[in-house]
Amino acid sequence: LFWLSAAAGSLVLLRRGPRDALSILSWALLPALVWWFIGEPRTLMVLLGTLGLALFLRAGQPWHRVLLVSVALGGVYGVILGTVFREPIGAMAQELEKLLPQVLNGLYDTLSDVERARLGALIAPVLTGLIAALMQVVSVLSLMLGRYWQALLYNPGGFASEFRSIRLPLGPALLLLACMLVGPNFGPQMAMLTPLCSVALFFAGLALIHGLVAQKRLAKFWLVGLYVTLLLFMQLIYPLLVVLAIVDGLIDFRGRLASKDADNANGEG
């Protein structure tokens, strides 16, 4: 439940500021430091990462920039994880490499020795990136929970409108896409960027769906169906949301729908 501590800490920081919140947040940091001492750094990493994102949001930065900063935060997570958990991640990568002939079926036999070595070298960075991306997701969700609590207490409905308006501009969206696709060509360690960059696009895709449902006044059933489908078929829905976020950066679905509704003088859009 360390994510609850991160959400509560971000709530205090968003409302009171770093100076007033320091005395309260120190009590949350103390057990996290103890966990790091006994070999579990992720609690402190997520707590500090969430507070860092909260500071950025409190400074008046929009949510799409917070998501972009979370990519850099995920990179920091990856570097720390790659250092602290190098041996267990390396051991897991070796076991997964042994399974590649079964996973790829006959395709693995057609690869050259150089291609097999390159594929094997990508496993450990991708594993590190996946773990770091999971922590990145937890940090963003903890911040969103803290922001939701703040809106619930002081500005009811404010977080819903904030989240629904999240949209990555085309430039940053294409940059994230380029890092996902081209990054591994610059070295195995750069493969860690693929899952990290996808997180920001994933949240932007979720915001797009929430915004469209609210804009068209659709039933909540559509959102429930989205999350149920996401849990059951994540390997399909997750990349679909990523693609939608990129396309939205080019087309701006919500802006186009809003302008069409505004053209209806009778207000019956």
Verdict with supporting geometry, Leu168 and Leu176, side chain to side chain contact (heavy atoms under 4.5 Å, CB included): CA-CA 10 Å; Leu168 288 176; Leu176 292 176; 4.0 Å; yes
Let me check something: do Val126 and Leu96 share a hydrophobic cluster, defined by ILVMFWY side-chain heavy atoms less than 4.5 Å apart, either directly or through other members? no
Where do Leu244 and Asp248 land on the side chain to side chain contact (heavy atoms under 4.5 Å, CB included) test, with the steps shown first? CA-CA 6 Å; Leu244 283 176; Asp248 185 49; over 6 Å; no
Could you tell me whether Phe233 atom CZ has more than 12 heavy atoms of other residues or ligands within 6.0 Å of it? no
Is the number of heavy atoms from other residues, nucleotides or ligands under 6.0 Å of Trp3 CH2 greater than 12? no
Test side chain to side chain contact (heavy atoms under 4.5 Å, CB included) on Tyr227 and Ile209 and set out the steps. CA-CA 11 Å; Tyr227 286 103; Ile209 301 299; over 6 Å; no
Arg254 side chain vs Gln215 backbone, donor-acceptor pair below 3.5 Å: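 Flag not set: sc Arg254 to bb Gln215 has no pair under 3.5 Å.
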Give a yes or no on whether the backbone of Val66 and the side-chain of Gln61 come within a donor-acceptor separation of less than 3.5 Å.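 The answer is no, because no donor-acceptor pair under 3.5 Å joins these two groups.
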Under 3.5 Å, which donor-acceptor pairs do the side chains of residues 67-86 form with other protein atoms, sequence neighbours left out?
| from | atom 1 | to | atom 2 | distance (Å) |
| --- | --- | --- | --- | --- |
| Ser70 | OG | Leu67 | O | 2.5 |
| Ser70 | OG | Gln136 | NE2 | 3.1 |
| Tyr77 | OH | Met45 | O | 3.0 |
| Tyr77 | OH | Ser139 | OG | 2.8 |
| Thr83 | OG1 | Val79 | O | 3.0 |
| Arg86 | NE | Gly82 | O | 3.4 |

Test item: Leu208 and Arg167 side chains (from C-beta on) under 4.5 Å apart, heavy atoms: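 Not touching, per the 4.5 Å side-chain cut-off.
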Please list all pairs passing the ring pair (Phe, Tyr, Trp, His ring centres under 6.0 Å) test where one or both residues lie in residues 34-72, with sequence neighbours left out. none
List the steps and the verdict of side chain to side chain contact (heavy atoms under 4.5 Å, CB included) for Met180 and Ser198. CA-CA 7 Å; Met180 292 170 59; Ser198 70; 3.9 Å; yes
Residue pairs, two or more places apart or on separate chains, that pass salt bridge (charged side-chain N to carboxylate O under 4.0 Å, His left out) and touch residues 42-64: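 Found Glu40-Arg42.
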When the ring centroid of His210 is compared with that of Phe159, is the distance short of 6.0 Å? no
